[in-house]
A.B. asks: 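I'd like to ask you about the structure that follows.
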Amino acid sequence: MKPWYITTAIDYANGDPHLGHALEKIGADVIARWHRLQGEPVRFLMGMDEHGQKVFQTAQAAGMSPQDWVDGISERFETTWRGLHCSYDDWMRTTEPRHAAGVQALLTRIRERCPDDLFVGEYEGLYCVGCEEFKQEGQLLNGRCGEHPSRELVPTKERNTFFRLSAYRDRVLALVEANSAFQVEPQIRRNEILSVLREGLQDISISRARLPWGIPFPDSDEQTVYVWFDALINYLSATGYPGDGWDAVWPADLHVVGKGITRFHCIIWPAMLIAADVPLPKQIWAHGYVQWGGAKVSKSEGESASLDESAARHGPDALRWFLMREVGFENDGDFTFERFDAVYESELANGLGNLASRVLAMVGKYRDGVVPAGGEGDLPGGVGAVALASYAAAMTATDLKGAARQITELVTEANGYITTAAPWALAKAGDDAQLDAVLANLTATLVRLAVMIYPFMPEKATALWVALGQADTPVTGWGQAKRPDVVGAQVVKPENLFPRLAP
RNA sequence: GGCAGGGUAGCUCAGCUGGUUAGAGCACAGCACUCAUAAUGCUGGGGUCGCGGGUUCGAGUCCCGCCCCUGCUACCA
């Protein structure tokens, strides 16, 4: 069975991971875990983009070889993502031989199938000798390089191989407009891509003459592959392309990327694949950005440090929750410690954590920790089943914020039910049947919540799952969410799932 | 400049094809309860719905103008 194949963008190995990177990896992980909950086999790819001029220069500046440099960066990223519970099962680095093989194979195939679409041409641009790279219009400050304002930019020509991107415009445009086989989401991003496509496309140069740190261009001694014709292909090379079995994984079901690189994924990438006659990915999801106290998150020192600090503050699961629940995975959102603390305390500590405490404490106190039979397995009015359905619909639509909201709303419903039902009063009155029913309904709701929070907070979900006496079954059972069944289970009141902040 | 989206309670946002006193969460105040992480529940205060015109019996919701914010406007990723 073909796995459900999801990828994240590969990050440029030029600095440390920061909150902006984390939002994307965590969002993709939530989606991957959601699909695993459904019982689908999932293939989840993450990785690093390790070629290019800047990496080369940064390594040089650090007095290291480029390979040593990217080795260090790659390890740092992996450590970070594992620490944030990202459950990727392949880590692709563009400096790996398997990747270079895929890149060269795809280029060779494009040349074979469409010989006219790879042609030698002249790239002309303004070259900065200080940076040793071409500068674009938008990068100029007063007509000069921002980094080397004292130097003149030199108009320079370079013989490169070009890809006839313009020839693919109509086909890509039709695909994006049809929005079925190849979907660009959310709609805002699709509209942007459509407008770019309608304006028309220019051919792009895809080889570089002066860049030693890259994949050798097929049949060329001196040129390397342009970074996007390198980086994008990682999604494909990770399947083993062109070796046996690659098409048992490809095409990707979802590429998760940042809004800033949608054009590469939604225009160049499909054109490349069409040229090579390789199936297209089914969907591109372009998320927004994390703002840091209202400002853009960049790669500067202070903000990269903030990721570690944020994860340490209330633990990685709480950071995952905040990024999905408050920042969101569609539009830009803001991150501040004030807001993080407030959401942590109200939704997690006082909300979900306290709900688990009070329910499990009552089962312990009134029923010796054994979940009684009785009740309907839901809150009155079936609100749990409704919340679950809304949650599933939101997840399916990649509305991660909306799915998280269903969790908090169910917690609120459960807390309200406790006040109304007043189990302590039932105990005092000796109304055993009714007390059994109330406790059973509440425990069932906790089971449901454990499954619902699993994609967002896998570690906390497991802790709650164990507290519910389910240690020998995996939490990844959607069936338990639909029809919770833990009658007779021996529960324990857990250590506080989400300890309150020190006063 | 062009294209797109947005400006609604202190904060983050819902408000579909116009219709009773504009909603939610957080924060704030009061009350209730005791199973619980001094947690929870209930009630309440709080908004010229960016500005100015217009259409209409009636506009946050439609039209015109203006102000402000954000994104995109391609070979840096």
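These numbers were taken from a predicted model, which means no experiment stands behind them. In the text below, chain A, chain B and the rest are named by the order of the sequence lines, each starting its count at 1.
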A.B. asks: Atom NZ of Lys259(A) to atom C1' of rG6(B): distance rounded to whole Å?
C.D. replies: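 Taking atom C1' of rG6(B) as the reference, NZ of Lys259(A) is at 12 Å.
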A.B. asks: Between the side chains of Tyr168(A) and Asp117(A), does any donor sit under 3.5 Å from an acceptor?
C.D. replies: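 Side chains of Tyr168(A) and Asp117(A): pair found under 3.5 Å.
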A.B. asks: For Arg189(A), answer base if it contacts any base atom (sugar-phosphate contacts may also be present), sugar-phosphate if it contacts only those atoms, and nothing otherwise; contact means non-hydrogen atoms under 4.0 Å.
C.D. replies: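 Result for Arg189(A) = sugar-phosphate.
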A.B. asks: Contact class for Leu497(A) vs. all strands (heavy atom < 4.0 Å): base, sugar-phosphate, or nothing?
C.D. replies: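 Contact class for Leu497(A): base.
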A.B. asks: Tell me the partner of rG23(B), counting only Watson-Crick (N1-N3 plus N6-O4 or O6-N4) or G-U wobble (N1-O2 and O6-N3) with both under 3.5 Å; none if nothing fits.
C.D. replies: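 rG23(B) is paired with rC13(B).
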A.B. asks: Salt-bridge test for Glu330(A) and Lys401(A): reply yes if a basic N is under 4.0 Å from a carboxylate O, no otherwise.
C.D. replies: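 No, Glu330(A) and Lys401(A) are not salt-bridged.
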A.B. asks: How is Phe163(A) classified with respect to the nucleic acid when contacts are heavy atoms under 4.0 Å: base, sugar-phosphate, or nothing?
C.D. replies: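 It contacts nothing in the nucleic acid.
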A.B. asks: Rounding to an integer number of angstrom, what distance separates rC63(B) and rG25(B) when you compare their P atoms?
C.D. replies: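 rC63(B) and rG25(B) have their P atoms separated by 32 Å.
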A.B. asks: Is the closest basic N to carboxylate O distance between Asp71(A) and Arg93(A) below 4.0 Å?
C.D. replies: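 Salt bridge between Asp71(A) and Arg93(A), a charged N being under 4.0 Å from a carboxylate O: yes.
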A.B. asks: Asn350(A) CG to rG41(B) C1': how many Å, rounded?
C.D. replies: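 Rounding to the nearest Å, CG of Asn350(A) and C1' of rG41(B) are 13 Å apart.
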A.B. asks: Can you tell me how far P in rG15(B) sits from the matching atom in rG50(B), rounded to whole Å?
C.D. replies: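 Those two atoms are separated by 15 Å.
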A.B. asks: How about Tyr391(A) and Arg405(A): do any of their side-chain heavy atoms sit closer than 4.5 Å?
C.D. replies: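 Not in contact.
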A.B. asks: Less than 4.5 Å apart, any side-chain heavy atom of Ile233(A) and any of Met272(A)?
C.D. replies: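 A side-chain contact under 4.5 Å exists here.
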A.B. asks: Could you tell me the Watson-Crick or G-U partner of rC3(B), where both distances fall under 3.5 Å? Say none if there is no partner.
C.D. replies: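 Pair assignment: rC3(B) / rG71(B).
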A.B. asks: Tell me the interatomic distance from Glu192(A), atom CD, to rC3(B), atom P, rounded to whole angstroms.
C.D. replies: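 Computing the Glu192(A):CD to rC3(B):P distance gives 15 Å.
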A.B. asks: I'd like to know if Asn354(A) reaches the base of rA36(B) with its side chain, counting only an N/O donor and acceptor under 3.5 Å.
C.D. replies: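 Per atom types, the contact qualifies.
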A.B. asks: Please give, in whole Å, the distance from rC69(B) C1' to Gln291(A) CD?
C.D. replies: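 Atom CD in Gln291(A) sits about 11 Å away from atom C1' in rC69(B).
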A.B. asks: Mapping Lys428(A) and Ile261(A) to their closest nucleotides on RNA chain B, which lands nearer the 5' end?
C.D. replies: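 Closest to the 5' end, via its nearest nucleotide, is Lys428(A).
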A.B. asks: So do the side chains of Val411(A) and Thr445(A) get within less than 4.5 Å of each other, counting heavy atoms only?
C.D. replies: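 Counting from C-beta outward, Val411(A) and Thr445(A) never come under 4.5 Å.
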A.B. asks: With sugar-phosphate meaning primed atoms plus P, OP1 and OP2, does Gly402(A) contact a base, only sugar-phosphate, or nothing at under 4.0 Å between heavy atoms?
C.D. replies: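 No contact.
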A.B. asks: Between protein and nucleotides 7-14 of chain B, what N or O pairs are separated by less than 3.5 Å?
C.D. replies:
none

A.B. asks: Is the shortest side-chain N to carboxylate O distance from Arg367(A) to Asp432(A) below 4.0 Å?
C.D. replies: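 A salt bridge links Arg367(A) with Asp432(A).
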A.B. asks: Just how far, in rounded Å, is C1' of rU40(B) from CG of Leu442(A)?
C.D. replies: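 Taking CG of Leu442(A) and C1' of rU40(B), I get 13 Å after rounding.
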A.B. asks: Check each residue of residues 265-276 of chain A for a non-hydrogen atom within less than 4.0 Å of any atom in RNA chain B, then write out the ones that pass by number, or none.
C.D. replies: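 Within this stretch, nothing sits under 4.0 Å of the strand.
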A.B. asks: Using purine N1 to pyrimidine N3 plus N6-O4 or O6-N4 for Watson-Crick, or N1-O2 and O6-N3 for G-U wobble, both under 3.5 Å, which nucleotide pairs with rC49(B)?
C.D. replies: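 Across all strands, not a single nucleotide pairs with rC49(B).
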A.B. asks: Provide the distance between the two C1' atoms, one in rG5(B) and one in rC13(B), to the nearest whole Å.
C.D. replies: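 Approximately 16 Å lies between the C1' atom of rG5(B) and that of rC13(B).
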A.B. asks: Across the strands shown, which category fits Gln202(A) at heavy-atom distances under 4.0 angstrom: base, sugar-phosphate, nothing?
C.D. replies: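 The answer is base, as Gln202(A) lies within the cut-off (heavy atoms under 4.0 Å) of a base atom.
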A.B. asks: Need one value for Ala349(A): base, sugar-phosphate or nothing, where a base atom within 4.0 Å counts as base even if backbone is also close, heavy atoms only.
C.D. replies: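 Ala349(A): base contact, heavy atoms under 4.0 Å.
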A.B. asks: Name the nucleic acid region contacted by Ser195(A), choosing base, sugar-phosphate or nothing; use a 4.0 angstrom heavy-atom cut-off, strictly under.
C.D. replies: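 If one applies the 4.0 Å heavy-atom cut-off, Ser195(A) turns out to touch nothing in the nucleic acid.
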A.B. asks: Using a 4.5 Å cut-off on heavy atoms from C-beta on, say whether the side chain of Asn160(A) contacts that of Arg208(A).
C.D. replies: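 Side chain of Arg208(A) against side chain of Asn160(A), heavy atoms only: contact under 4.5 Å found.
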A.B. asks: Are Arg159(A) and Tyr123(A) side-chain neighbours, meaning at least one heavy-atom pair lies under 4.5 Å?
C.D. replies: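 Side-chain contact under 4.5 Å: no.
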A.B. asks: In whole angstroms, how far is the C1' atom of rG6(B) from the CD atom of Gln187(A)?
C.D. replies: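 Interatomic distance, CD of Gln187(A) to C1' of rG6(B): 15 Å.
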A.B. asks: In Watson-Crick or G-U wobble terms, both distances under 3.5 Å, what is the partner of rC76(B)?
C.D. replies: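 The answer is none; no pair meets the criterion.
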A.B. asks: Can you work out whether Arg325(A) or Asn415(A) has the more 5'-proximal nearest nucleotide on RNA chain B?
C.D. replies: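 Here Arg325(A) is the residue nearer the 5' end.
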A.B. asks: Can a donor-acceptor pair be found between the side chains of Glu347(A) and Thr408(A) at a distance below 3.5 Å?
C.D. replies: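 Absent: no donor and acceptor within the cut-off.
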A.B. asks: Searching all strands shown, indicate the nucleotide that pairs with rA32(B) (Watson-Crick or G-U wobble; both distances under 3.5 Å).
C.D. replies: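 The answer is rU40(B), by the H-bond criterion.
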A.B. asks: Only pairs with both distances under 3.5 Å count, Watson-Crick or wobble alike; so what is the partner of rU55(B) in this structure?
C.D. replies: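 In the structure as shown, rU55(B) has no Watson-Crick or wobble partner.
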A.B. asks: If we ignore angles and hydrogens, is there a donor and acceptor under 3.5 Å between the side chains of Tyr235(A) and His265(A)?
C.D. replies: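 Yes, side-chain donor-acceptor contact under 3.5 Å.
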